[in-house]
Amino acid sequence: MTEAETERTTGFDAPPLRRLRYFHGQMLGARDFQREQDYFREKLRLHLRSLLGYGVVCGLFVEPVPPDDDCPPAGTGNPPEPAAPAAPAASAGESAEHGRRRALVRVTPGLAVDCDGDEVVVRGGCVVDLWKALPPDERDTDTVWVGVQYAERPVEPTRAVYNDGCADTSDCEFGWTEECYTIRVTGCEPPADERCDTCCSRCRHQVLWLARIEGVDWYEPVCADRVHMNVRRPFGRHVPTVITGVNWIHGHTYTIDEAKTLLGTQDEEGGLVVRFSDGVRADTLAPGVAEIQVIEGGAGRSASTWYMGGEFAEPAGTAEFIRCFRYRQTTRETLQDGDRVLITVRTAFLLDRCCRPVDGTHVGGRVPVIDDTAHPESGPDGGCVLPPSGVGPWTSGTGTGGGDVFESWFFVKER
């Protein structure tokens, strides 16, 4: 290997790949076959985490266990746990009037790949007692995170035919290794993986976090509206930055006065607000990235268009990255009955922390409204309440990480 090749591969976290070479008359032992297994396993891990990425592939949803179903389901293939002996008195933090703890959730079957490249397979799902799974030193909280981690365990003990060269007797050895999983629960917010490239180095945290549960009452069933699964990482090389909310209702009809307030026509504090899932470089908010186009309607001649002058509001302070921007009208053009206001954000020119474009495709017009309790569901009525991942709310983007263009509109009526 040349010196230049050595410099280019410095820091690449991969083990030496040495393949067993067979020849006639070769003496092979258990160590040789084990190393051959390790070779193929490391190759598979390397392909998964470097070429495809890591995260949840499918399933692995966290659901509350109903009050009448707070026991592990039968027929899952797991042996029942032995009943715990009755305690003579209530333990610390548990009084007699509370009774038994009922904060249980169910992790559904599914598949994931952790950041080491190991496949995590949950076949029959499982029920998790949050209090038991939570470390004792983290039980002074009512917000917990639930995750899954790859694990292994030896199975099928078998007595060896020959004694080990370093052993006195032929003890039993486990003949197989079962790949399984472990459920992790924590009361401390897990650190985020902020690497821009998952190829060269492995991450430090092997737990794939699936949900955040807020307001846990250990003696009451978990409410479905307190389980937030937007903390889970979708499978891929990186998680693209997307648009998570806007302050107008896509396709809605506003009065002329409401539209003026929304556009910030006469209010310097007003304007159209767009919110992102992660930081976007403030210096990419250049003229032309966002624009407002008006398509004239009304009873007279229609379909004429004109562009409304506008500008970005200065971000607070001198922040290098921003999580939202405000774009307001700066000219005196007026709207009339029947107009359609078309809002365009060229997200291919908005770069995130990793200098990648924002994935801004407005799929189905379903990006939600920011802090709007009167209209909890934005976009068209009907089906597709959740995106294809099964975890809401909707955001922009198709998951490919491309830039594209974010488009939205609303209509204007005189009254």
Side-chain angles (χ1 to χ4, degrees), residues 230 240-265 267-282 284-295 307-316 321-330 335 339-352 357-382 384-387 391-399 402-412:
N230 55 351
T241 300
V242 296
I243 296 176
T244 58
V246 294
N247 70 335
W248 68 91
I249 305 171
H250 173 77
H252 188 63
T253 300
Y254 292 96
T255 65
I256 293 178
D257 290 337
E258 289 173 338
K260 288 181 178 180
T261 301
L262 186 60
L263 295 169
T265 303
D267 182 8
E268 293 186 358
E269 300 300 322
L272 302 172
V273 177
V274 177
R275 185 173 60 189
F276 303 98
S277 62
D278 202 350
V280 173
R281 296 191 61 89
T284 60
L285 295 178
V289 169
E291 65 183 11
I292 303 171
Q293 182 180 1
V294 179
I295 303 174
Y307 289 91
M308 179 179 290
E311 66 179 8
F312 291 104
E314 291 291 335
F321 301 99
I322 59 172
R323 296 294 292 264
C324 69
F325 71 73
R326 183 166 55 89
Y327 187 83
R328 61 177 294 269
Q329 180 186 6
T330 56
L335 299 172
D339 286 350
R340 179 162 69 102
V341 178
L342 176 63
I343 304 159
T344 302
V345 182
R346 295 180 174 88
T347 51
F349 296 89
L350 293 175
L351 304 182
D352 63 11
V358 172
D359 194 356
T361 306
H362 197 183
V363 181
R366 296 177 182 271
V367 169
V369 181
I370 298 174
D371 300 328
D372 192 336
T373 56
H375 302 276
E377 294 294 338
S378 64
D381 297 330
C384 296
V385 177
L386 295 175
V391 177
W394 278 83
T395 67
S396 71
T398 59
D404 214 331
V405 174
F406 176 86
E407 288 187 324
S408 181
W409 57 83
F410 59 83
F411 300 92
V412 178

Any side-chain to backbone donor/acceptor pair from T344 onto E407? Under 3.5 Å, distance only. no
Hey, is the main chain of R275 close enough, under 3.5 Å, to the side chain of N247 for a donor-acceptor pair? no
Side-chain touch W248/V274, heavy atoms, less than 4.5 angstrom: yes
For the side chain of Y254 and the backbone of K260, is there at least one donor-acceptor N/O pair under 3.5 Å apart? no
Using a 4.5 Å cut-off on heavy atoms from C-beta on, say whether the side chain of V341 contacts that of V412. yes
For the side chain of W394 and the backbone of V385, is there at least one donor-acceptor N/O pair under 3.5 Å apart? yes
Determine whether V345 and Y327 satisfy the following criterion, side chain to side chain contact (heavy atoms under 4.5 Å, CB included), listing intermediate values before the conclusion. CA-CA 10 Å; V345 182; Y327 187 83; over 6 Å; no
What distance do D339 atom CG and I295 atom CD1 have between them, rounded to the nearest 0.5 Å? 9.5 Å
Indicate yes or no: at least one non-hydrogen side-chain atom of I292 is less than 4.5 angstrom from one of Y307. no
Indicate yes or no: does R328 engage E269 in a salt bridge with an N to O separation below 4.0 Å. no
Closest approach of L351 to A348 (non-hydrogen atoms, all atoms of both residues): CD2-O, 4.3 Å
Exactly one candidate in T361, I343, V246, L350 meets side-chain contact (heavy atoms from CB on, under 4.5 Å) with F406; the answer is V246
A side-chain contact here means heavy atoms from C-beta on lying under 4.5 Å apart; do V363 and T398 qualify? yes
All heavy atoms of R281 vs all of F321, minimum pair found to be CG-CE2, 3.6 Å
Are F411 and H252 close enough that some pair of their side-chain heavy atoms sits under 4.5 Å apart? no
Evaluate side chain to side chain contact (heavy atoms under 4.5 Å, CB included) for D359 paired with D404, printing each intermediate quantity in order. CA-CA 7 Å; D359 194 356; D404 214 331; 5.6 Å; no
Looking only at heavy atoms, the pair that brings I243 and T347 closest together is CD1-CG2, 4.1 Å
Heavy-atom closest pair (P368 atom, P393 atom, distance to 0.1 Å) is CG-CB, 4.3 Å
Taking all non-hydrogen atoms of both residues into account, name the closest pair between T244 and S277 and its distance. CG2-CB, 3.6 Å
I need the E268 CD to T330 OG1 distance, nearest 0.5 Å. 11.0 Å
Taking D352 for the side chain and P240 for the main chain, is one N or O donor matched with an acceptor at less than 3.5 Å? no
Minimal heavy-atom distance between A259 and F410, with the atoms involved, is CB-CE1, 4.1 Å
Would you say the side-chain atoms of S408 pair up with the backbone N or O of G365, donor to acceptor, closer than 3.5 Å? no
Is the side chain of R346 donor-acceptor paired with the backbone N or O of G288 at a distance under 3.5 Å, no angle test? yes
Would you kindly say whether Q329 and T265 are connected by a side-chain donor-acceptor distance under 3.5 Å? yes
Please check if the side chain of R326 supplies one atom and the backbone of F312 the other of a donor-acceptor pair under 3.5 Å. no
Check the pair R323 / D278 against side chain to side chain contact (heavy atoms under 4.5 Å, CB included), numbers first and verdict last. CA-CA 6 Å; R323 296 294 292 264; D278 202 350; 4.3 Å; yes
